[in-house]
Amino acid sequence: MNSSLSIFRKVAVAEGISYLLLLFVAMPLKYFANMPLYVKYTGWAHGLLFVLYAATLVLAWQEQKWKFGKTLLIFVASLLPFAPFIVDRKLKDERAENASGMQ
């Protein structure tokens with residue numbers, strides 16, 4: 001059974017990848033190669049993943065009983081390129097610490 005945290009981490013990585021593709025592949029293709037269709041589809045996928053990011057963040061927040069400040073910081077990370085990968089790494093490390101501390 002997947003916890004909402006593990007689902008959130010997967011969505012966060014997918015959202016981060018879609019954001020990077022939008023910024024560094026689709027946008028240059030639109031403006032430098034006159035191929036706006038890539039932005040349309042990449043942007044649509046990124047928008048869907050962003051909504052999933054927010055929804056799964058709320059579920060993980062409730063399950064993990066995080067403080068509001070931590071949750072807000074994780075949400076803001078979705079707005080910055082590469083930040084979702086940093087969040088994923090920190091959550092993975094935090095989970096490992098909690099697992100080793102419980103033994």
Side-chain angles (χ1 to χ4, degrees):
M1 180 170 103
N2 281 339
S3 70
S4 61
L5 180 59
S6 65
I7 294 169
F8 169 73
R9 287 184 54 223
K10 291 172 188 168
V11 170
V13 169
E15 190 272 341
I17 291 169
S18 74
Y19 192 27
L20 294 177
L21 287 173
L22 182 62
L23 290 176
F24 298 115
V25 176
M27 295 295 283
L29 285 172
K30 177 181 180 177
Y31 291 108
F32 299 122
N34 196 25
M35 301 170 132
L37 206 53
Y38 289 98
V39 169
K40 179 180 180 179
Y41 293 115
T42 308
W44 184 87
H46 172 66
L48 176 65
L49 287 166
F50 180 79
V51 171
L52 284 173
Y53 182 98
T56 56
L57 174 59
V58 169
L59 294 174
W61 175 25
Q62 292 174 344
E63 180 184 276
Q64 300 297 312
K65 298 178 179 29
W66 290 331
K67 292 183 179 178
F68 178 75
K70 178 178 182 172
T71 306
L72 183 62
L73 191 61
I74 293 172
F75 177 77
V76 170
S78 72
L79 306 175
L80 305 171
F82 303 103
F85 306 110
I86 296 168
V87 166
D88 178 58
R89 172 62 66 177
K90 290 195 178 284
L91 291 175
K92 182 180 177 184
D93 293 345
E94 185 179 288
R95 191 173 199 176
E97 279 181 23
N98 291 341
S100 67
M102 296 179 93
Q103 294 178 352

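What you see below is based on every heavy atom in this structure, not just the backbone, and it leaves out hydrogens, waters and symmetry mates.
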Can you see which heavy atom on Val87 is nearest to which on Ala77, and at what distance?
-> CG2-CB, 3.5 Å
Output all residues satisfying ring-ring contact (aromatic ring centres under 6.0 Å, His included) with Phe50, sequence neighbours left out; order by chain, then residue number.
-> Phe75
Could you tell me which non-hydrogen atom of Leu5 sits nearest to which non-hydrogen atom of Glu63, and how far apart they are?
-> N-OE2, 3.6 Å
Are Tyr19 and Phe82 co-members of a hydrophobic cluster defined by side-chain heavy atoms under 4.5 Å apart?
-> yes
Counting N and O atoms only, with roles assigned by atom type, does the side chain of Tyr53 sit under 3.5 Å from a partner on the main chain of Phe8, one being a donor and the other an acceptor?
-> no
Atom CD in Glu94, atom CD in Gln64: separation rounded to 0.5 Å?
-> 7.5 Å
Rounded to the nearest 0.5 Å, what separation is found between the OG atom of Ser78 and the CG atom of Leu73?
-> 10.5 Å
Thinking salt bridges, do Glu15 and Lys10 make one under a 4.0 Å N-O criterion?
-> no
CG on Leu29 to CG on Leu22, rounded to 0.5 Å = 11.0 Å
In this structure, CG of Leu59 is separated from OG of Ser3 (nearest 0.5 Å) by 10.5 Å
Using the rule that two of Ile, Leu, Val, Met, Phe, Trp, Tyr join whenever any of their side-chain heavy atoms come within less than 4.5 Å, decide whether Met35 and Leu23 are in one cluster.
-> yes
Does any pair with a residue in residues 71-89 pass salt bridge (Lys or Arg N to Asp or Glu O under 4.0 Å), and if so which ones, sequence neighbours excluded?
-> Arg9-Asp88
Taking everything shown except Lys40 itself, do over 12 heavy atoms lie less than 6.0 Å from its NZ?
-> no
For Phe68, all residues meeting ring-ring contact (aromatic ring centres under 6.0 Å, His included), sequence neighbours excluded | Trp61
Nearest-0.5 Å distance, CG of residue Leu52 to CD1 of residue Ile7 | 10.5 Å
State, to 0.1 Å, how close Pro84 and Ala12 come at their nearest heavy-atom pair, and which atoms those are.
-> CB-O, 3.5 Å
pair Ile74-Trp66: side-chain heavy atoms closer than 4.5 Å | yes
If every non-hydrogen atom of Ala60 is compared with every non-hydrogen atom of Ser4, which pair is closest and at what distance?
-> CA-OG, 3.4 Å
Path from Leu57 to Leu72 over hydrophobic side-chain contacts below 4.5 Å = yes
Please name the pair of heavy atoms, one in Ile17 and one in Phe85, separated by the smallest distance, quoted to 0.1 Å.
-> N-CZ, 3.6 Å
Gap between atom NZ of Lys30 and atom OG1 of Thr42 - 0.5 Å precision = 11.5 Å
Taking all atoms of both residues into account, what is the closest heavy-atom pair of Pro81 and Leu20, and its distance?
-> CB-CD2, 4.0 Å
Any link between Leu91 and Val13 through a network of hydrophobic side chains (Ile, Leu, Val, Met, Phe, Trp, Tyr) touching at under 4.5 Å?
-> no
